[in-house]
J.: 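Below is one structure. I have some questions about it.
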2 protein chains.
Amino acid sequence: MKELAKELNVSVATVSKAMRDSHEISEQTKKKVLEAAARLNYTLNPYASSLRKRQSKTIALVLPEVADNFFSLAINGIQSVAERKGYHVLIYLSHEKFLNEVSILSECSSGRVDGVLISISSETTSAEHILKLQRENIPIVFFDREFEGLRIARVVTNDFECGYNAAIHLINNGCTNPVFLSISTSLGICNKRAEGFKAALLEMKAGDIENAVVVCKGTSGDEYSQIKKLLTGKNRPDGIVASVERLAMTVYLMSHETGISIPNQLKVVVFSTLETAPILNPPLTTITQPAFEIGKAAAELLFKGIEKKGYNLADEYVELPSVLTERMSSRNS
Amino acid sequence: MKELAKELNVSVATVSKAMRDSHEISEQTKKKVLEAAARLNYTLNPYASSLRKRQSKTIALVLPEVADNFFSLAINGIQSVAERKGYHVLIYLSHEKFLNEVSILSECSSGRVDGVLISISSETTSAEHILKLQRENIPIVFFDREFEGLRIARVVTNDFECGYNAAIHLINNGCTNPVFLSISTSLGICNKRAEGFKAALLEMKAGDIENAVVVCKGTSGDEYSQIKKLLTGKNRPDGIVASVERLAMTVYLMSHETGISIPNQLKVVVFSTLETAPILNPPLTTITQPAFEIGKAAAELLFKGIEKKGYNLADEYVELPSVLTERMSSRNS
DNA sequence: TTTATTTACGAAACCGGTTTCGTAATACAG
DNA sequence: CTGTATTACGAAACCGGTTTCGTAAATAAA
C-alpha cells in the first residue's frame, strides 16, 4: 500500500479509503487508485484489516462429521448465505468427540471468527465450552443438533413430531412390535425422536414401551452385532425406525443376509436425506430433514446476530418440518 | 497482552515469547506467564500473529459442490491432516461455475491462506486464475479434478484405466452396444474415463465408437430428458457407464419408470463412492474412488509444499487406484 | 464580504502480536 | 582474577491496513 501511495503521490490513508470506497475520497482519486491497484495486482491484506477493524469476516462451521448427506446439504445452505454476505467459512469436524469440540471452540475465540454455527457431537453433555464462547459475545447458532436448556439461538426440525408420526405410520401399517433404533442417549435430537415414538406407542397402546428404544453405541462393528442380535433374537421387532442413515443401511444389509423380508416381516422407516431411497431394494420410507434450508436459516440467523450489534439471538427459535415419504419398505402387504 | 505483561511485571516481548515457548525464556517465567494467561482466559489474537509472521496457518479448500459423497469423504481426509498440522480450513464452493472459481481464488491471495487444495469446476477451461496464484508463490495441489497441462502438483485416480476396465467388464458380460455417459467435454477427469472407455471398444472391436460417448449437459431436467431419449430411442444401448453418481440415479429411476430391466436389458456401472450401492435394486456395480485417501494425500502434499520452503511441488504426481466392485447391475444373466 | 460548511486529503496513532537487537547478570574457561 | 559465553529479558521497530483528527481549499449561507 505504501508503494502504491508513493507511486500515486497520495497518502496511504487516501489509498486505504479509496480502496474501501469511502465518501471522503473524490471519484477521480478513487478511480486513479483502483486502476493502479488493478495494474499492480494489489489487494488488501485481509488480516491487517481484520486486526484493525476487529472483525474477521469469517464464521466457523462446527460439524460432528460429513459422512452423512444431511451435513453436505447443510454446508451448501450455509455457504450460499455466507458467500452472499461476503463472509468466509472455516470448517471444523469434531468427529463426534467432546474433547475435539472443546478445542475447536477454543480456537474460535480471540477474534478468529465473528460467529459460530454448530451441531454438537453425540458425546457432548456439558456446555461450558459453548457458554464460554457466548460470554465473549460471539454469536452462536445451533443447527439440527442443539444443546438443550441453553438460551442460544437454534434452527431445528420437528423431531418429536416425526418420531411420533413414524410410530403411528408403522402401527397403521400393521406393526405390533415396533422399535426405535437410537445412536445416543445424550443427543437431544435422538431423544426427542425416541420420545415422540414412545408417546405414539403409549397413545395407541401398542408395542412394548419398556423395550421400544434400542441404543446402538460403540464402533460400527458393535452396531452391527447389536442389530444382528436384535433382528435374529427372540421377541424380534416387526418394525424399525432408524434414527440415522447408517443404521438403516445396516438393517438392510442384515435383512439381505438373513433373509428377513422387508416389508413383509420387517417394516423400516429412517430419518435421512438419502437420495437413493427410491431406488433401494425395497424403496425406503424416509423422514427427510430440510437440510439445505436448516443450514440456510441458521446462517441467516447468525448474520442477523453478527451484523446488528445489540441484537439478541438468545431466544431465536426456528423449526422447519421434515417430511415423511412413504415407500415400499413400510407398506402393508 | 499488555495487561498481562503489566500484571506480571514483565515486558510484552517476554509474554509473547513465553506464550510461544521460546528458548529465550526461563521455565520459571514461562510457567508464570502461562498460568496467568489461563487464569485471565487469554489467548493470542490469531490475526495479529498472522500479520507479523506472514503466515495464516490456514488453507483453502475449493470444491465444485458437496452434493456428491466423494467430496464429503475428501473433506474428511483433508481435515484430518490439517487438524494434525494445526491448520485451519476455509471451505469454498464454486458450484461448477468458472467465474465463481476465479473470484474464490482471488480471495485466496494476499496472504489469506498458506496453500490451496482445489478440484476444478466443470466449466473451467482457462487456468489464468490458477497461474496467478502460483505466481504469488502460494502452494497449490489439485485433487481428483486437475487442470491438465499445468506444472502443478496433483493427486488423482486412474481414470483412463477405470474407463477401460468398465468397458471391458461390460463387454465381457455380453454388452454389444455400451455407452459412456459424460457430464462435460471440458473436464479432464471425465474425458480420461471416456478415452479409456473408447480405447477398450476399439481394442475389443465392440460397440459403435462414434456414438459411444453421450454428454449430458445442462440442468438436471435436461439431463433427465437426454437420458430418457437415449434409453427409449432406437439403437438404444445395452450397457451404460455413468461418469457420476447422479447420472446412474437417473438411469435407475428411468428404468423403474419405463420397465427396462437391469441387468437383463441394460447393464450399469457407475463411477461413485455411493455407500448404498449394495442395497439398491438391483445392487449397483461401482468404480469407487479412494476419496478419503485422495484428500489426505493431497493435503499431505500441500503441507510439504507449505512447510519446506523451496520445496518444488510442481511435478508431484500421485495416482491412487479406484476399485471396480461387481454387483448385480452388470452381471450377465 | 464575512462567516459557516462541506469536501478532500494527510499525519499519526492504533490494532495485537513478533522479532531484532542490545544489555545486564550469571556461568564458564583459562 | 580476567575475558568470553551464555542466559534471560526489555525497548522499540515492524507487519499492513484503518481510523481519528486536523487542515487547507472550495463552496454555500448570511
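Chain A is the first sequence line, chain B the second, and so forth, proteins listed ahead of strands; every chain is numbered from 1.
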J.: Counting any heavy atom closer than 4.0 Å, what does A:Thr29 reach on the DNA or RNA strands: base, sugar-phosphate only, or nothing?
T.: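 Here A:Thr29 touches the backbone only, sparing every base.
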
J.: Is any side-chain nitrogen or oxygen of A:Arg20 closer than 4.0 Å to OP1 or OP2 of D:dT19?
T.: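 Answer is yes, contact under 4.0 Å.
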
J.: Would you tell me whether B:Thr124 and B:Glu101 have side-chain atoms, one donor and one acceptor, within less than 3.5 Å of each other?
T.: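 Short answer, yes.
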
J.: Output the rounded distance in Å from CG (B:Asn45) to C1' (C:dC14).
T.: 14 Å

J.: Charged N to carboxylate O under 4.0 angstrom, B:Glu128 versus B:Arg135?
T.: yes

J.: Quick one about A:Ser122 and A:Glu96 (side-chain donor to acceptor, distance below 3.5 Å, no hydrogens or angles considered), yes or no?
T.: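 A:Glu96 vs A:Ser122: donor-acceptor pair found between side chains.
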
J.: Heavy-atom nearest nucleotide on DNA chain D for B:Lys30 versus B:Ala48: which residue maps closer to 5'?
T.: B:Lys30

J.: So does B:Tyr47 get a side-chain nitrogen or oxygen closer than 4.0 Å to the phosphate oxygens (OP1/OP2) of D:dT18?
T.: no

J.: Have A:Ser121 and A:Ser94 got a donor and an acceptor in their side chains that come within less than 3.5 Å?
T.: no

J.: How many whole angstroms separate atom CG of A:Leu51 from atom P of C:dA13?
T.: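 The answer, rounded to whole Å, is 17 Å.
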
J.: So how far is it from A:Ile59 CD1 to A:Leu117 CG, rounded to the nearest 0.5 Å?
T.: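 It is 4.5 Å, given to the nearest 0.5 Å.
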
J.: So, B:Glu27 and B:Lys30, do they make that salt bridge, N to O below 4.0 Å?
T.: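 Between B:Lys30 and B:Glu27 there is a salt bridge, with a charged N closer than 4.0 Å to a carboxylate O.
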
J.: Within the structure shown, what part of the strands sits under 4.0 Å from B:Val10 by heavy-atom distance: base, sugar-phosphate, or nothing?
T.: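 It contacts sugar-phosphate atoms only.
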
J.: Would you call A:Arg39 and A:Glu7 a salt bridge, taking side-chain N to carboxylate O under 4.0 Å as the test?
T.: yes

J.: Between atom NZ in B:Lys53 and atom P in C:dG16, what is the gap in whole Å?
T.: 17 Å

J.: Atom CE of B:Met19 and atom P of C:dT18: how far apart are they, to the nearest Å?
T.: 8 Å

J.: When the distance from CD of B:Gln55 to P of C:dT18 is rounded to whole Å, what number comes out?
T.: 11 Å

J.: With a cut-off of less than 4.0 Å, is there a side-chain N or O of A:Ser49 near OP1 or OP2 of D:dG17?
T.: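 No, no such contact exists.
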
J.: Strictly under 3.5 Å: I want the nitrogen or oxygen pairs between protein and nucleotides 20-25 of chain D, one per line.
T.:
{"from": "D:dT20", "atom 1": "O4", "to": "A:Lys17", "atom 2": "NZ", "distance (Å)": "3.4"}

J.: Distance check needed: D:dT18 P versus A:Lys2 NZ, whole Å only.
T.: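 Distance check: A:Lys2 NZ to D:dT18 P gives 14 Å.
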
J.: Using OP1 and OP2 only, check whether a side-chain N or O of B:Ser26 sits under 4.0 Å from D:dT7.
T.: no

J.: Any side-chain N or O of B:Arg54 below 4.0 angstrom from OP1/OP2 of D:dC14?
T.: no

J.: Can you tell me how far P of D:dT7 sits from CD of B:Glu27, to the nearest Å?
T.: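 Rounded to whole Å, this separation is 13 Å.
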
J.: A:Met1 has an atom CE; how far is it from atom P of D:dG16, in whole Å?
T.: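 It is 11 Å, rounded to the nearest whole Å.
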
J.: Can a side chain N or O of B:Ser16 be found less than 4.0 Å away from OP1 or OP2 on C:dT18?
T.: yes

